[in-house]
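Reckoned from all heavy atoms, side chains included, excluding hydrogens, waters and symmetry mates. What you are looking at is a predicted structure, and each value in this text was computed from that prediction instead of being measured.
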Amino acid sequence: MNRAFAVMTALICLLFSSAGYADQPHPWQFDLQAPATPIMHQIRWFEHYTLWFIVPITLLVLVLLLVVAVKFRAGANPEPSRTSHNTLIEIVWTLGPVLILFFLAIPSFNLLNAQLQLPEADMTVKATATQWQWNYEYEGTQSPVAFDSFMLKEQDRAAAGKTDVAAYPRLLAVDNEMVVPVDKTVRLLVTAAPSDVIHAFAMPAFGVKIDAVPGRLNETWFKAEKEGLYYGQCSELCGKDHAFMPIAIRVVSEDRYKTWLAQAATDLPGANKALMAAVDKPAGNFAVAANESK
């Protein structure tokens, strides 16, 4: 009874506190992460749109299978039908899929065009993948800013000031996050180090997933609509530590970003700690559920 009550309580909390998990996956999640960019809004809408086709088709096929299994079994039909042609049925099963694909193709092409059509960017960040870390370079800045981003080790939490597991979850938190301003278009250049393997930069809440290929420079973009700390991971099987190559992007106000950028050029640890002190808040009620899920 206690376990059942705890599960029901957790589910209720998840339903009414989804905003607290907008930046990371959570236990019992059955939908895409809450969108934080215009592209992710479109992706989430398209996913829900396709369900209006997938669910009825699945149910229809299930009903047809049950009808065939019951009505046309050997016991009910000792003399099998010799029907070999039905014009109406052939027209329906030809035109039906064509119309369904037509209604799926149009919004799909619109979404693909929005993803691939790069708007005018406010800033450019280059992400280089290696086994097993990410390196970020801020281009077009007055002072060069570049740093490595490793997965945060448990023994380093206290020194980094990241003891809050709800805000800095295990296996997703990193030592140095990519920092970008809110409501700004970020052009993201993605590649992998020479002589390395193929990786993939994926940020679910942003609707971003692009391969990092050695010797090739891919580009994508995102525009975060709200501040927060967002988590992703390498989504390509890149080796034995593939599961330990997280991505963290901290979205802050433009003023805080400029302050961080100016200090990060000469003192990255100090800039990160100052930014954390300015934006981190006490964990909410969802911290208990997050801790229990570990």
Side-chain angles (χ1 to χ4, degrees), residues 21-26 29-51 54 104-105 107-119 121-137 148-151 169 171-174 177-180 182 184-193 196-226 228-239 241-251:
Y21 288 97
D23 53 357
Q24 59 181 280
H26 60 82
Q29 181 174 335
F30 57 88
D31 199 356
L32 300 177
Q33 289 189 27
T37 65
I39 290 297
M40 190 56 192
H41 279 290
Q42 294 187 48
I43 292 175
R44 191 178 175 111
W45 175 88
F46 183 68
E47 189 260 344
H48 291 167
Y49 172 77
T50 57
L51 288 178
I54 295 172
L104 291 177
S108 175
F109 290 152
N110 290 337
L111 173 58
L112 186 61
N113 182 67
Q115 289 177 307
L116 297 179
Q117 194 171 36
L118 183 68
D122 297 301
M123 59 179 292
T124 300
V125 180
K126 181 181 178 182
T128 304
T130 60
Q131 294 178 320
W132 284 270
Q133 69 188 69
W134 292 92
N135 173 269
Y136 300 115
E137 299 177 52
D148 295 328
S149 181
F150 290 88
M151 185 183 72
L171 303 182
L172 287 177
V174 300
E177 298 92 4
M178 180 200 299
V179 180
V180 298
V182 69
K184 296 294 183 181
T185 300
V186 179
R187 178 172 176 249
L188 184 66
L189 305 178
V190 181
T191 187
D196 207 278
V197 299
I198 297 177
H199 300 269
F201 189 99
M203 182 58 61
F206 290 0
V208 170
K209 185 171 185 279
I210 188 168
D211 283 342
V213 183
R216 178 173 178 176
L217 196 63
N218 290 330
E219 71 173 353
T220 186
W221 68 281
F222 63 85
K223 183 179 181 180
E225 299 175 322
K226 53 186 177 180
L229 184 55
Y230 300 89
Y231 293 103
Q233 288 178 300
C234 174
S235 295
E236 193 72 52
L237 294 177
C238 58
D241 285 340
H242 159 70
F244 310 107
M245 195 174 169
I247 303 166
I249 300 179
R250 190 186 292 275
V251 181

Please list, chain by chain and in numerical order, all residues satisfying side chain to side chain contact (heavy atoms under 4.5 Å, CB included) with Q115, sequence neighbours excluded. I39, I43, L111, L112

Closest heavy-atom pair, P246 versus A173, reported as atoms and distance to 0.1 Å, is CG-O, 4.1 Å

Which atom pair, heavy atoms only, marks the closest approach of R44 to P35? CD-CD, 3.6 Å

Given 3.5 Å as the limit, does a donor-acceptor pair link the side chain of T37 with the main chain of A224, or not? no

Exercise answer: donor-acceptor pairs, residues 121-132 side-chain atoms, under 3.5 Å, sequence neighbours excluded:
unit_1: D122; atom_1: OD2; unit_2: T185; atom_2: N; d: 2.8
unit_1: Q131; atom_1: NE2; unit_2: C238; atom_2: O; d: 2.7

Taking all atoms of both residues into account, what is the closest heavy-atom pair of A212 and A192, and its distance? O-CB, 3.5 Å

Hits for ring-ring contact (aromatic ring centres under 6.0 Å, His included) against F206, two or more places apart or cross-chain, chain-then-number order -> F222, Y230

Roughly how far apart are L118 CG and L188 CG, rounded to 0.5 Å? 10.5 Å

For the OG1 atom of T220 and the CD1 atom of I210, what is their distance to the nearest 0.5 Å? 5.0 Å

Are side-chain heavy atoms of Q233 and L172 found at a separation under 4.5 Å? yes

CG of L189 to CH2 of W221: how many Å apart, nearest 0.5 Å? 15.0 Å

Does the side chain of H48 come within less than 4.5 Å of D31's, by heavy atoms? yes

Please, which pairs that meet side-chain hydrogen bond (donor to acceptor under 3.5 Å, both in side chains) have at least one residue in residues 196-205, sequence neighbours excluded? D196-H199

Under a 4.5 Å cut-off applied to non-hydrogen side-chain atoms, are P25 and Q33 in contact? yes

Could you tell me the separation between the OG atom of S235 and the CD1 atom of I247, rounded to the nearest 0.5 Å? 7.0 Å

Give the minimum heavy-atom separation between D211 and V190, together with the two atoms involved. O-CG1, 3.8 Å

Test side chain to side chain donor-acceptor pair (under 3.5 Å) applied to E47 - qualifying residues, sequence neighbours left out: none

Residue pair M203 / G232: nearest heavy atoms and the distance that separates them: CE-N, 3.5 Å

Return the minimal non-hydrogen interatomic distance between P214 and A193, and the atom names on each side. CB-O, 3.6 Å

Atom CD of E236 and atom CE of M245: how far apart are they, to the nearest 0.5 Å? 11.0 Å

Residue pair V179, Y136: steps toward the side chain to side chain contact (heavy atoms under 4.5 Å, CB included) verdict: CA-CA 10 Å; V179 180; Y136 300 115; over 6 Å; no

From H26 atom NE2 to Q24 atom CD, the distance as rounded to the nearest 0.5 Å: 9.0 Å

Would you mind reporting whether Y49 and L104 have side-chain heavy atoms less than 4.5 Å apart? yes

Going by the rule ring-ring contact (aromatic ring centres under 6.0 Å, His included), which residues pair with F244 if we only count those two or more places apart in sequence or in a different chain? none

